Amino acid sequence: MAGFGKLRVAVIGAGGAGLCAARHLLSRPDTFAPPVVYEITKNIGGTWVYEERVGCYDNGLPIHSSMYRDLRTNIPKEVMSFPDFPFAKHLPSFVHHTEVRKYLEQYCDHFRLWDHIKFGNSVASVTPVDVKGGWNGLAWNVTSNDGLDHSKSTTERFDAVMVCNGHFYDSYIPAIPGLEKFKGTLMHSHDYRSAEPLAGKSVVLLGAGLSGLDIAMELSSVNAKVILSHGQRPLTCPLPPGVQQAPPVTSVLDDGSLEFKDGERAKPEVFLFCTGYNFTFPFLDEKVGVKVQEHLVWPLYKFLIPPAYPSLFIVGICRAICPFPHFHIQSQFVLSVLDGSFPLPSREDMENDIELDIAARRARGIATRHILKLDSEQWAYNDELARLGGFQPLPSYWSNLYESNKVFRARDMLNYKTYNYTVLENMDWKVHNLHGQQLQKPLAVKKQIFL
């Protein structure tokens with residue numbers, strides 16, 4: 001029963017973040033009862049589970065996976081892994097997505113997580129309850145639907161909830177005036193699986209994030225004519241054949257052609273959005289007050305905790321981060337909050353901290369929609385959580401290797417995934433190219449300060 005003895009924690013989602021949360025909860029049987037992990041599908045792995053179909057499953061539930069057939073990681077396995085569970089040594093640094101899924105299954109085996117996962121359970125509601133003697137005077141009712149048609153409803157009570165439901169499935173399509181006039185094929189990268197169906201076609205691909213660049217390279221290999229439309233500074237590295245850059249699409253004209261910011265026009269057969277995803281927490285009770293506005297989830301202390309309901313944790317929403325190590329740090333910080341080793345500030349102090357943090361970011365010219373995009377600031381964020389929670393930070397080479405890979409990627413988008421990294425005994429590292437030549441480390445890689 002929640003509120004007595006050991007703390008009961010519900011974990012929503014059995015992707016990388018949810019599995020990591022469960023692993024750490026299980027490592028502390030003195031304080032925590034075994035967790036209950038709710039997973040809507042029949043598999044662990046979340047975004048790493050490839051599903052050839054798009055749209056909906058036979059039971060009408062939407063297909064969550066955005067994985068495409070030939071994806072290989074864009075982060076070397078040496079820093080992509082959970083720090084306490086390395087990838088197999090024989091694998092190359094940049095692995096195919098099937099290896100990541102296998103790795104997460106091995107993580108489940110190693111830490112004995114399988115028995116704690118309720119597969120085929122969709123969480124319908126997460127509601128706070130005032131409980132005398134509960135953790136911070138609170139408990140949570142979690143209602144889930146089970147069965148093939150998800151008709152069987154069950155409610156369980158918990159002391160805390162870790163929300164790990166991922167954020168790569170609800171496609172974000174920007175509002176482009178006249179979009180309904182486009183006469184070709186309109187699609188989002190969520191429904192992209194392989195390049196062959198687009199072979200030889202003319203494609204305008206909107207967005208030059210990592211998936212946009214990756215998909216542009218795949219399309220080039222099947223002789224598609226690709227216009228990579230984006231609002232960043234023009235890429236200076238060599239582009240694959242048949243790929244050219246253009247500024248953002250600003251409107252669709254009456255004849256169905258796309259107009260770019262510079263006034264140029266194109267009439268492609270395919271308009272492909274690589275524009276990212278929306279955050280969505282449909283099960284969270286409205287009174288919890290967690291809002292999503294312009295791709296910012298707030299108010300959350302340390303991007304994790306709503307000050308009014310501090311036994312709810314929204315894990316893994318930061319973007320442009322190294323995901324598994326980030327979950328590893330966040331999960332341990334959550335445990336340090338729940339076991340009392342990090343006493344939370346008052347609600348008012350947490351709210352002030354959030355306001356000051358967001359104001360400082362805006363003052364540095366960061367748009368609201370990019371506040372959760374930590375990028376190089378993730379290392380100081382991770383270190384701060386480790387310091388506050390009193391646990392082991394990430395090894396010092398982690399940030400340097402990760403940031404160096406970003407430099408190599410920007411220099412040579414076409415070949416950086418052929419490089420192989422080695423972590424040395426003394427916590428240093430080296431990197432070789434395909435021909436076995438050792439490469440010089442980039443000089444300009446240093447930590448940024450987390451304000």
Side-chain angles (χ1 to χ4, degrees), residues 7 9 11 13-35 37 44-48 73 75-95 99-117 162 164 166 302 304 313 315-316 318 321-339 341-342 374 378-403 405 421-429:
L7 295 174
V9 182
V11 177
L19 296 175
C20 183
R23 173 260 182 278
H24 287 287
L25 289 162
L26 278 168
S27 74
R28 296 281 307 282
D30 53 322
T31 308
F32 299 98
V37 184
I44 63 105
T47 201
W48 294 100
T73 57
I75 299 170
K77 76 175 196 302
E78 289 72 21
V79 288
M80 187 177 163
S81 70
F82 294 109
D84 54 359
F85 193 73
F87 275 87
K89 269 211 159 63
H90 71 272
L91 293 170
S93 284
F94 296 89
V95 298
E99 293 293 350
V100 182
R101 181 178 176 183
K102 204 185 296 176
Y103 166 81
L104 290 173
E105 288 172 347
Q106 289 164 347
Y107 185 81
C108 279
D109 293 339
H110 183 79
F111 293 111
R112 305 191 171 165
L113 309 181
W114 294 104
D115 291 347
H116 307 285
I117 304 167
M162 295 175 74
C164 307
K302 305 298 177 201
L304 269 170
F313 305 89
V315 180
C318 296
I321 46 114
C322 194
F324 297 170
H326 183 77
F327 305 153
H328 177 81
I329 294 288
Q330 284 194 327
S331 293
Q332 289 176 94
F333 179 71
V334 168
L335 266 61
S336 77
V337 168
L338 289 172
D339 73 11
S341 53
F342 174 63
L374 291 192
Q378 65 183 300
W379 312 110
Y381 168 83
N382 289 342
D383 286 351
E384 187 195 21
L385 293 195
R387 181 179 61 78
L388 294 174
F391 54 87
Q392 199 69 38
L394 295 176
S396 53
Y397 71 85
W398 216 275
S399 58
N400 191 274
L401 198 162
Y402 177 93
E403 296 292 331
N405 173 56
Y421 292 78
T422 312
V423 176
L424 308 170
E425 294 288 315
N426 62 353
M427 288 288 140
D428 198 6
W429 58 275

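Numbering starts at 1 and runs along the sequence shown. From a predicted model like this one, the values you see are computed outputs, not experimental measurements.
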Legend entry - Which residues share a salt bridge (charged side-chain N to carboxylate O under 4.0 Å, His left out) with E78, sequence neighbours left out: none

Legend entry - Steps toward side-chain contact (heavy atoms from CB on, under 4.5 Å) verdict (L25, V11): CA-CA 10 Å; L25 289 162; V11 177; 3.9 Å; yes

Inset, instruction - Write down the atom of C322, the atom of I75, and the distance for their closest heavy-atom approach. - result: SG-CG2, 4.1 Å

Legend entry - Shortest non-hydrogen contact from T73 toward W48: CG2-CH2, 4.0 Å

Legend entry - Residues in ring-ring contact (aromatic ring centres under 6.0 Å, His included) contact with H116, at least two apart in sequence or another chain: none

Inset, instruction - Mind listing the closest non-hydrogen atom pair of V37 and A22 along with its distance? - result: CG2-CB, 3.9 Å

Inset, instruction - Find out whether I44 and L19 are in side-chain contact, i.e. whether some heavy atom of one side chain is under 4.5 Å from a heavy atom of the other. - result: yes

Legend entry - Results of salt bridge (charged side-chain N to carboxylate O under 4.0 Å, His left out) for K77 - residues two or more places apart only: none

Inset, instruction - Please report the shortest heavy-atom distance between F342 and L388, naming the atom on each side. - result: CD1-O, 3.5 Å

Legend entry - Residues K102 and E105 bridged, charged N to O under 4.0 Å: no

Inset, instruction - Please tell me if the side chains of L401 and P76 come closer than 4.5 Å, counting only heavy atoms from C-beta onward. - result: yes

Inset, instruction - For residues P393 and A386, report the shortest heavy-atom separation together with the two atoms involved. - result: CA-CB, 3.8 Å

Inset, instruction - Flag the pair C318 / Q378 as yes when at least one side-chain heavy-atom distance between them is below 4.5 Å, and no otherwise. - result: no

Inset, instruction - Please list, chain by chain and in numerical order, all residues satisfying salt bridge (charged side-chain N to carboxylate O under 4.0 Å, His left out) with D30, sequence neighbours excluded. - result: R28

Legend entry - Heavy-atom side-chain contact between L335 and T31 under 4.5 Å: no

Inset, instruction - Sequence neighbours left out, what passes side-chain hydrogen bond (donor to acceptor under 3.5 Å, both in side chains) with S341? Give chain and number order. - result: D339

Legend entry - Partner set under ring-ring contact (aromatic ring centres under 6.0 Å, His included) for W429, not counting sequence neighbours: Y421

Inset, instruction - Measure the shortest side-chain to side-chain distance between F94 and N405 over non-hydrogen atoms and say whether it is less than 4.5 angstrom. - result: yes

Anything under 3.5 Å between a donor and an acceptor, one on a side chain of residues 82-90, the other on a protein residue two or more places apart or in another chain? List them.
| residue | atom | partner | partner atom | Å |
| --- | --- | --- | --- | --- |
| D84 | OD2 | R23 | NE | 2.7 |
| D84 | OD2 | R23 | NH2 | 2.9 |

Inset, instruction - Give every residue pair that meets the side chain to side chain donor-acceptor pair (under 3.5 Å) criterion with at least one member in residues 327-336, sequence neighbours excluded. - result: H24-H328, H326-Q330, H328-Q332, Q330-Y381

Legend entry - More than 12 heavy atoms of other groups within 6.0 Å of Q392 CD: no

Inset, instruction - Kindly state whether the ring of W379 and the ring of Y402 have centres lying under 6.0 angstrom apart. - result: yes

Legend entry - Pairing residues for Y397 by the ring-ring contact (aromatic ring centres under 6.0 Å, His included) criterion, not counting sequence neighbours: none

Inset, instruction - Measure the shortest side-chain to side-chain distance between N382 and S399 over non-hydrogen atoms and say whether it is less than 4.5 angstrom. - result: no

Inset, instruction - Give the C-alpha distance, both sets of side-chain angles, the deciding distance and a yes or no for side-chain contact (heavy atoms from CB on, under 4.5 Å) between V337 and F313. - result: CA-CA 10 Å; V337 168; F313 305 89; 4.2 Å; yes

Run the side-chain donor-acceptor check on residues 107-114: report pairs under 3.5 Å with partners two or more places apart or on a different chain.
| residue | atom | partner | partner atom | Å |
| --- | --- | --- | --- | --- |
| D109 | OD1 | W114 | NE1 | 2.7 |

Inset, instruction - May I ask you to test the S81-F324 pair for a side-chain heavy-atom distance under 4.5 Å? - result: no

Legend entry - Taking every non-hydrogen atom, the tightest pair across L304 and F333: CD1-CD2, 3.6 Å

